[in-house]
2 protein chains.
Amino acid sequence: MTARASPKPKTDRGERTRQKILSAAAAEIGKRGFSVTSISDITAAAGVGQGTFYIYFQSKEEVLREMVLQMGRDLRQHLSAAIAGTRSRLDAEREGLRAFIEFVRGNPGLYRIVEESQFVDETIYRRHYMDFAATYRAALEAAEARGEIRKGSAEVRAWALMGMAVLLGQRYGIWDVATPLDDVIGPAVDLIGRGIQP
Amino acid sequence: MTARASPKPKTDRGERTRQKILSAAAAEIGKRGFSVTSISDITAAAGVGQGTFYIYFQSKEEVLREMVLQMGRDLRQHLSAAIAGTRSRLDAEREGLRAFIEFVRGNPGLYRIVEESQFVDETIYRRHYMDFAATYRAALEAAEARGEIRKGSAEVRAWALMGMAVLLGQRYGIWDVATPLDDVIGPAVDLIGRGIQP
DNA sequence: GTCAAACATGAATTGATCGTCATATGAATG
DNA sequence: CATTCATATGACGATCAATTCATGTTTGAC
């Protein structure tokens with residue numbers, strides 16, 4: 001749709017201003033939503049002039065793209081750290097799910113931004129999920145090769161398991177932050193590990 | 001937020017006009033998205049004057065609410081019909097999942113509208129999911145009581161299974177409509193029934 | 001300390017949508 | 001065929017957000 005991104009700042013001051021705008025945008029959009037947040041809301045929250053926005057970004061959409069990428073990196077790192085010490089695929093599922101819901105509880109705004117990006121720039125949203133799916137799929141295939149899990153389509157499983165995490169994240173990470181996570185993780189991991197059949 | 005809904009039409013002509021607007025809104029919003037669709041886009045597509053919109057609706061948001069409710073009814077009916085003849089909980093899962101992805105494939109616009117409603121009127125979106133979760137949960141509890149499935153939190157399971165369906169619906173109902181459904185349903189139902197462990 | 005490039009500003013311009021309203025038409029009643 | 005209520009219209013004024021730009025300030029190299 002749009003052309004190339006804006007050029008990077010060339011001085012420290014510029015970099016700082018750019019970051020102020022990005023932080024303010026994340027806070028405002030995360031709180032109130034993308035479409036209702038105006039550029040002047042963002043610049044006001046950042047404490048800069050209206051025109052300053054256009055020195056660093058071409059549009060609100062460009063800011064959103066950057067935030068989705070950022071959130072992908074943050075989440076990836078959070079999940080990697082959580083899974084690092086695990087000894088089996090099921091343990092990885094357990095710790096990954098816990099870390100994901102914790103991340104959502106800790107960053108409800110970021111989570112919301114990613115979901116809303118679907119309706120602003122589907123390409124970036126899709127890539128976000130595709131990237132996670134590819135990683136997830138590779139992990140499942142490796143576990144299958146090690147004989148840790150039964151044979152089965154890693155692609156379908158990856159999307160199914162991501163879907164579980166996403167909706168549980170919505171339900172227990174945003175709508176209800178009172179339920180102890182163990183009450184959620186336990187039954188969910190049991191479902192992942194052994195299914196519902198007797 | 002807003003007060004009461006607009007009064008219902010009192011004549012056949014009025015009812016027909018209202019429906020024309022609703023259909024046009026579903027088509028336009030489903031295709032291009034809620035926030036970028038203007039009321040004049042809707043009235044133009046419906047073939048009525050701008051002011052006519054306000055005879056039947058107070059705002060675009062009110063139209064969206066109505067569409068989400070409508071889609072909930074449609075989907076519920078579609079799923080009920082699909083599950084009707086099944087003989088076990090796992091069969092119900094299989095046919096329910098198949099019916100859901102089929103519904104998404106057949107009504108991508110409606111599906112999109114529901115997801116976008118989250119960012120327009122969270123109350124209606126949340127109710128949509130809560131209602132489905134309550135039904136799902138009841139079905140799982142009944143199956144557990146019959147001894148058809150292992151014991152486990154029906155609430156967590158319901159949300160986990162809905163999440164699976166939603167993301168698989170996105171992946172195989174909207175982004176990729178070429179993969180045969182059986183290639184998806186099989187692995188997914190295997191996961192639901194027996195999990196990933198050997 | 002001078003100078004050029006980078007950065008910052010916010011008022012003004014531009015463009016678009018919302019929602020209203022005065023007016024007109026359709027349909028049903030007696 | 002007259003009356004009345006419901007429905008329909010689309011131009012218009014009010015509002016609001018996006019983007020530009022002429023002008024001013026800061027930075028850092030030399």
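Here the structure is a predicted model, which is why all the values come from computation and not from measurement.
For the residue pair B:Arg16/B:Gln19, the side-chain donor-acceptor check at 3.5 Å is not satisfied.
Residue B:Thr52 is in base contact, counting any heavy-atom pair closer than 4.0 Å across all strands shown. Residue B:Phe57 is out of contact with every strand shown, counting any heavy-atom pair closer than 4.0 Å.
For A:Lys10 and D:dA29, the NZ to P distance is 14 Å, given to the nearest whole Å. The separation between A:Phe53 atom CZ and D:dT20 atom C1' is 14 Å, rounded to whole Å. Taking atom CD on B:Glu15 and atom P on D:dA6, their separation rounds to 16 Å, with Å as the unit.
Between B:Gln170 and A:Tyr125 the shortest heavy-atom distance is NE2-OH, 3.6 Å. The two atoms that bring A:Gly96 and A:Leu79 nearest to each other are O-CD2, 3.5 Å, heavy atoms only. The two residues B:Arg150 and B:Arg157 have their closest heavy-atom pair at O-NH1, 2.8 Å.
Within residues 31-47 of chain A, no residue has a heavy atom under 4.0 Å from DNA chain C.
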List the steps and the verdict of salt bridge (charged side-chain N to carboxylate O under 4.0 Å, His left out) for A:Arg65 and A:Glu61. CA-CA 6 Å; A:Arg65 272 189 286 276; A:Glu61 282 75 13; over 6 Å; no
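The nucleotide whose nearest atom lies closest to any side-chain atom of B:Gln50 is, among D:dT9, D:dA11, D:dA6, D:dA11.
Taking the six-membered ring where tryptophan is involved, the planes of A:Tyr111 and A:Phe100 are perpendicular, since the angle between them exceeds 60° and thus also 30°.
Other residues, nucleotides and ligands contribute over 12 non-hydrogen atoms within 6.0 Å of the CZ atom of A:Arg73. By the 6.0 Å contact criterion, CZ on A:Arg194 is open, its count of non-hydrogen atoms from other residues, nucleotides or ligands being 12 or less.
Here the range on DNA chain C touched by chain B, meaning any atom under 4.0 Å from one of its heavy atoms, is C:dT17 to C:dG26.
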